[in-house]
Amino acid sequence: MNARNVYLVGMMAVGKTTVGRHLASHIGFTFHDTDRVIEQRAGADISWIFELEGEERFRDREQQVIEEMTQRQGIVLATGGGAVLRERNRTLLRERGIVVYLRSGIDLIIERTRDDRRRPLLQVDDVREQIESLTAERGPIYEAAAHLAITVDSRPPKSVAADIAQLLEGFEPPRDVETGPSADRGGL
């Protein structure tokens with residue numbers, strides 16, 4: 001494994017944090033999660049920040065954390081589901097490491113978030129419709145931001161992490177960074 005940082009992107013509840021911990025352990029990197037860093041610094045959870053300050057201010061906090069964390073070396077960083085919405089974040093992630101998109105079906109996200117009251121974007125009447133809408137909006141952005149993509153679905157997180165580690169072996173993102181669906185996606 002080369003020494004490039006690894007940044008995990010994807011929808012909420014796809015397992016970025018769990019997979020990220022396993023991946024970091026597997027490749028000997030340290031693990032960080034942007035949402036946990038934000039919560040620690042604010043002394044409050046994400047839903048409270050959203051409620052009190054609004055999404056835009058939360059995204060400002062998120063961008064600051066990404067700016068800082070991507071300057072470190074030897075890390076696996078799990079990003080929040082909306083981190084890729086800002087172009088600056090996408091640029092930092094792509095330029096400072098290898099971005100891996102964790103893909104998942106909508107049903108898995110619904111199953112994993114069914115009783116979760118901590119996700120502010122899911123505090124709506126029709127959760128399925130909201131997840132479908134977010135996936136339609138963000139899916140192409142994740143694809144464009146990522147160097148590699150892997151489908152997680154119901155696979156064990158350790159298995160997903162091992163597959164990512166294998167994809168990362170010898171992988172070097174192109175210098176003239178190509179984005180979009182035609183970019184090198186890896187084999188999974």
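No hydrogens, no waters, no symmetry mates; every other heavy atom, side chains included, goes into these values. We count residues from 1, following the sequence as given.
For the residue pair Ser47 / Asp45, a side-chain donor-acceptor distance below 3.5 Å is found, with atom types taken as modelled.
Side-chain atoms of Asn5 come within 3.5 Å of backbone N or O of Gly74 as a donor-acceptor pair. Proximity of a side-chain donor or acceptor of Tyr101 to a complementary backbone N or O of Tyr142 within less than 3.5 Å is not detected. A donor-acceptor pair under 3.5 Å links the side-chain atoms of His147 to the main chain of Val99, judged by distance alone. In this structure, the side chain of Glu39 engages the main chain of Ile46 through a donor-acceptor pair within 3.5 Å. Looking at Arg61, its side chain never comes within 3.5 Å of a backbone N or O of Ile38 through a donor-acceptor pair. Looking only at distances, no side-chain donor or acceptor of Ser25 sits under 3.5 Å from a matching main-chain atom of Arg21.
With contacts defined as side-chain heavy-atom distances shorter than 4.5 Å, the pair Arg112/Met12 does not qualify. When side chains are defined from C-beta on, His26 does not count as touching Lys158, because their heavy atoms never get closer than 4.5 Å. Using a 4.5 Å heavy-atom cutoff, the side chains of Val9 and Val100 are not in contact. Two residues are said to be in side-chain contact when any heavy atoms from C-beta on lie closer than 4.5 Å; Ser104 and Thr151 fail this criterion. Looking at Asp125 and Gln130, their side chains never come closer than 4.5 Å, going by heavy atoms from C-beta outward. Using a 4.5 Å cut-off on side-chain heavy atoms (C-beta onward), Ile75 and Tyr7 make contact. Using a 4.5 Å cut-off on side-chain heavy atoms (C-beta onward), Arg103 and Val152 make no contact. Annotation: side chain of His32 is in contact with side chain of Thr30 (closest heavy-atom distance under 4.5 Å).
Note: Leu168 CG to Leu148 CG = 6.0 Å, rounded to the nearest 0.5 Å. Rounded to the nearest 0.5 angstrom, Ile164 CD1 and Leu102 CG are separated by 5.0 Å. Going from atom CD1 of Ile66 over to atom CG of Leu77 covers 6.5 Å, rounded to the nearest 0.5 Å. One distance of note links OG1 of Thr17 with CG of Asp33; it measures 3.5 Å at 0.5 Å rounding. For the atom pair CD1 of Ile49 and CD of Glu55, the computed distance is 12.5 Å after rounding to the nearest 0.5 Å. Going from atom CG of Leu92 over to atom OG1 of Thr70 covers 5.0 Å, rounded to the nearest 0.5 Å.
Legend: residues meeting side chain to side chain contact (heavy atoms under 4.5 Å, CB included) with Glu132, ordered by chain and number and at least two apart, are Ile106, Arg128. Residues passing the ring-ring contact (aromatic ring centres under 6.0 Å, His included) test with Phe58, sequence neighbours excluded: Phe50.
Here the closest non-hydrogen pair linking Val84 and Ala145 is CG1-CB, 4.3 Å.
Atom CD of Glu68 has more than 12 neighbouring heavy atoms from other residues, nucleotides or ligands inside a 6.0 Å radius. Remark: Gln166 CD is loosely packed, at most 12 non-hydrogen atoms of other residues, nucleotides or ligands lying under 6.0 Å away.
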Mind running salt bridge (Lys or Arg N to Asp or Glu O under 4.0 Å) on Arg57 and Glu62 for me, showing each step along the way? CA-CA 9 Å; Arg57 178 64 185 120; Glu62 183 175 59; over 6 Å; no
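Taking a cutoff of 4.0 Å between a charged side-chain nitrogen and a carboxylate oxygen, Arg86 and Glu56 qualify as a salt bridge.
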